[in-house]
Each structure stands twice: as structure tokens, then as C-alpha cells.
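Encoded as C-alpha cells, the structure appears first; notes follow it.
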Amino acid sequence: MGRIAGILNRLEGLYPEAATTLAHKDAFELLVAVMLSAQTTDESVNRVTPALFRDFPTVEAFCDAPLAEIEKRIRSIGLYRNKARHIKETARILSTRFGGNVPADQKDLESLPGVGRKTANVVLSVWFKEHRIAVDTHVARVAKRLRLADWEDSALIVEKRLMAAFPEESWSTLHHRMIHFGRYRCTARRPECDACILKEFCRYPDIRP
DNA sequence: ATCCCGAGGG
DNA sequence: CCCTCTGGAT
């Protein structure tokens, strides 16, 4: 089995499910949850979103919500001032320009404040079922350690390299599996390389500090 | 390149 | 204490 197929095979065996762990009931809740997840764990996001969506159940509710009331409910997340402002403004734009719906287009999504390429890719992948590889801190780290990208590569370059290396049908599931793998196994600080299922494909044990 | 920013782990 | 967490805007 080749290197690419080997990596796919091992990750699939480890994480058969390959779905997002961000709680959401519709496209707007998913978008908000992903916006909140910047520099935070999904667990922390899922801790605040139930009350947030209970008190502000619709796009219109977020438009009418006082900024301070949104901030209060997401404070434990961190970066809460920017996130609250971006979410409220995004709700206003969705209401006025997109008929209250989350657009299914990459450029439209990235035109929303607080929504960049990574967030747009997650929404397009998880909700609209497009083949995407959202490159976050975990995906980038794992890709670089596996020699699928260079250390100095930007997130966009990493995304392009992964898309070139892996078959399109695998992109979305690969994304989730690399995230989970990076979060719990190939950790930033102290990865357990000795027990790693991808050891034979990896350069990191040889060059780690 | 810097700032935003609280929570959790080591 | 220091580092990291599903980034994006300036």
C-alpha cells in the first residue's frame, strides 16, 4: 500500500465516524459555532452555544440582541468581543443581503465579518456537503509533521498540497480525522511518537527537539 | 507582524 | 508558570 493510501487507511481505522463535534441544529448555528471555535476547543464552544441559541434562536434574534448580551453568553470562550461583534454583524448581513440564509458560496461566506477561508470551508463541507479541507492549527501541524507540507507553508499552501495529494472524495473525512488525530494524539506539545499509528509515514520523531 | 482573550493542560 | 486551543482583521 502506498504512503497516501496508508495514511488514509490508518486514520479511517482509528476514527471511523469522521464528523464534526460542534453542536448545531441548522446552517446558521453551525456558522456561529465555527466562528466561536477560533483559538478554542470545540468542547468550550459546545458549553456556551445551548444557552446562546436558546436565548437567540434565529438570525433576527441576533440582529436585535444587544452586543453586551451576546458577549455575556460567550465570555468563557475567549476573544469574545470580536466574536460577538462579528456574529451580530454577520446576522445583520445575512438578514439584509442573503434573505436570512447562510450562503452556499465561498466568496459570499468569506465576505462575512469573522469568516475566513477556514470557517467557510467547514460550513461548505459539513453543511453543504462539498469536498473541502479546512486547514486549522491541527491539520497544518499534522500535515507538516507527516511531510505532506513544508514547515513554512501557509494554511492556504497546506490546503492545496493536501488537495493535490489526496483523492477528492476523501477530503472532508480526512479533515475531521486529521483534526481529531492532532487534537488527541499528534499534540502540539508532547506527541506520543513511539505509540503512533502513523510512525512509519512521519519525519517528526527524527527531527523533534 | 500583532492583537484579540479565557480556559485547560503540563 | 508557560503553552495551546478547529482564526480573522488590522
Side-chain angles (χ1 to χ4, degrees), chain A residues 11 14-15 17-24 27 29-49 51-52 67-68 70-93 106-128 130-146 148-149 151-159 162-163 171-193 204 208-209:
Chain A
L11 286 177
L14 187 58
Y15 307 118
E17 67 289 350
T20 184
T21 49
L22 287 171
H24 63 283
E29 288 194 4
L30 174 66
L31 174 62
V32 172
V34 180
M35 292 173 73
L36 289 174
S37 73
Q39 296 295 102
T40 315
T41 62
D42 46 355
E43 235 172 90
S44 299
V45 174
N46 289 340
R47 209 170 294 144
V48 303
T49 45
L52 183 67
L67 200 52
I70 300 177
E71 288 182 354
K72 186 194 306 178
R73 288 164 177 76
I74 66 172
R75 188 161 296 138
S76 64
I77 289 297
L79 309 180
Y80 63 91
R81 285 198 191 95
N82 284 337
K83 288 175 181 175
R85 188 161 45 83
H86 289 153
I87 288 168
K88 183 171 165 60
E89 178 65 6
T90 284
R92 191 190 66 77
I93 296 173
Q106 173 123 26
K107 288 306 164 201
D108 287 341
L109 285 168
E110 290 185 23
S111 76
L112 302 167
V115 179
R117 187 177 183 86
K118 182 261 172 182
T119 299
N121 273 336
V122 173
V123 171
L124 290 170
S125 167
V126 172
W127 190 261
F128 295 107
E130 292 191 25
H131 299 295
R132 302 277 172 160
I133 302 178
V135 176
D136 55 43
T137 178
H138 295 309
V139 173
R141 183 179 62 252
V142 172
K144 290 173 183 184
R145 285 178 177 173
L146 283 173
L148 296 166
W151 295 103
E152 63 273 16
D153 285 349
S154 66
L156 181 59
I157 300 297
V158 172
E159 181 185 330
L162 291 176
M163 289 191 295
W171 290 352
S172 292
T173 50
L174 176 67
H175 156 74
H176 290 297
R177 286 168 180 149
M178 285 182 77
I179 293 217
H180 212 72
F181 184 69
R183 173 76 181 87
Y184 296 106
R185 302 239 179 169
C186 191
T187 55
R189 216 167 331 169
R190 209 168 58 85
E192 293 177 20
C193 296
Y204 194 62
R208 61 186 293 186

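Nothing here was measured: the structure is a model prediction, and the numbers come from that model. A, B, ... follow the sequence lines: proteins, then strands. Residue 1 opens every chain. These values consider heavy atoms only, across backbone and side chains, with no hydrogens, waters or symmetry-generated copies.
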What nucleotide among C:dG7, C:dT6, C:dC5 has an atom nearest to a side-chain atom of A:Ala188?
C:dC5
Looking only at the side chain of A:Thr119 (C-beta and beyond, no hydrogens), which of the listed nucleotides C:dT6, C:dC2, C:dG8 gets closest?
C:dG8
Interatomic distance where [atom1] belongs to [X] and [atom2] belongs to [N] [whole Å]:
| X | N | atom1 | atom2 | value |
| --- | --- | --- | --- | --- |
| A:His180 | C:dT6 | NE2 | P | 11 Å |
| A:His176 | C:dT6 | NE2 | C1' | 10 Å |
| A:Leu79 | C:dC5 | CG | P | 14 Å |
| A:Asp42 | C:dC5 | CG | P | 12 Å |
| A:His86 | C:dG8 | NE2 | P | 11 Å |
| A:Leu36 | C:dG7 | CG | P | 12 Å |
| A:Met35 | C:dA9 | CE | P | 8 Å |
| A:Leu112 | C:dA9 | CG | C1' | 14 Å |

Counting only distance, no hydrogens or angles, is the base of C:dT4 paired donor-acceptor with the side chain of A:Thr187 under 3.5 Å?
no
Taking any heavy-atom pair under 4.0 Å as a contact, classify A:Ser44: base, sugar-phosphate, or nothing.
nothing
Under 4.0 Å, heavy atoms only, any strand: does A:Arg85 hit a base, just the sugar-phosphate, or nothing?
nothing
Select from A:Val115 and A:Ile179 the residue whose nearest nucleotide in DNA chain C is closer to the 5' end of that strand.
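That would be A:Ile179.
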With nearest nucleotides of DNA chain C determined for A:Arg183 and A:Pro113 from heavy-atom distances, which residue corresponds to the more 5′ nucleotide?
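The answer here is A:Arg183.
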If we take the [atom1] atom in both [N] and [M], what is their distance in whole Å?
| N | M | atom1 | result |
| --- | --- | --- | --- |
| B:dG10 | C:dT6 | P | 14 Å |
| C:dG8 | B:dA7 | P | 22 Å |
| C:dC5 | B:dC4 | C1' | 14 Å |

Answer whether the closest heavy-atom distance between the side chains of [X] and [Y] falls below 4.5 Å.
| X | Y | answer |
| --- | --- | --- |
| A:Cys186 | A:Arg145 | yes |
| A:Asn121 | A:Ile133 | no |
| A:Val139 | A:Leu162 | yes |
| A:Val126 | A:His176 | yes |

Going by distance alone, is a donor N or O of one side chain under 3.5 Å from an acceptor N or O of the other, for A:Arg183 and A:His180?
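No, no side-chain donor-acceptor contact under 3.5 Å.
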Of A:Lys83 and A:Arg189, the one whose closest DNA chain B nucleotide lies more 5'
A:Lys83
A:Val115 vs A:Leu31, side-chain contact (heavy atoms from CB on, under 4.5 Å): CA-CA, chis, key distance, verdict
CA-CA 9 Å; A:Val115 179; A:Leu31 174 62; 4.0 Å; yes
Whether A:Tyr204 and A:Trp151 hold their rings parallel, tilted or perpendicular, with breakpoints at 30° and 60°:
tilted
5' to 3' contact window, DNA chain B with chain A (heavy-atom distance under 4.0 Å):
B:dC4 to B:dG9
Distance, nearest 0.5 Å, that separates OG1 of A:Thr173 from CG of A:Leu11:
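Interatomic distance, A:Thr173 OG1 to A:Leu11 CG, rounded to 0.5 Å: 9.5 Å.
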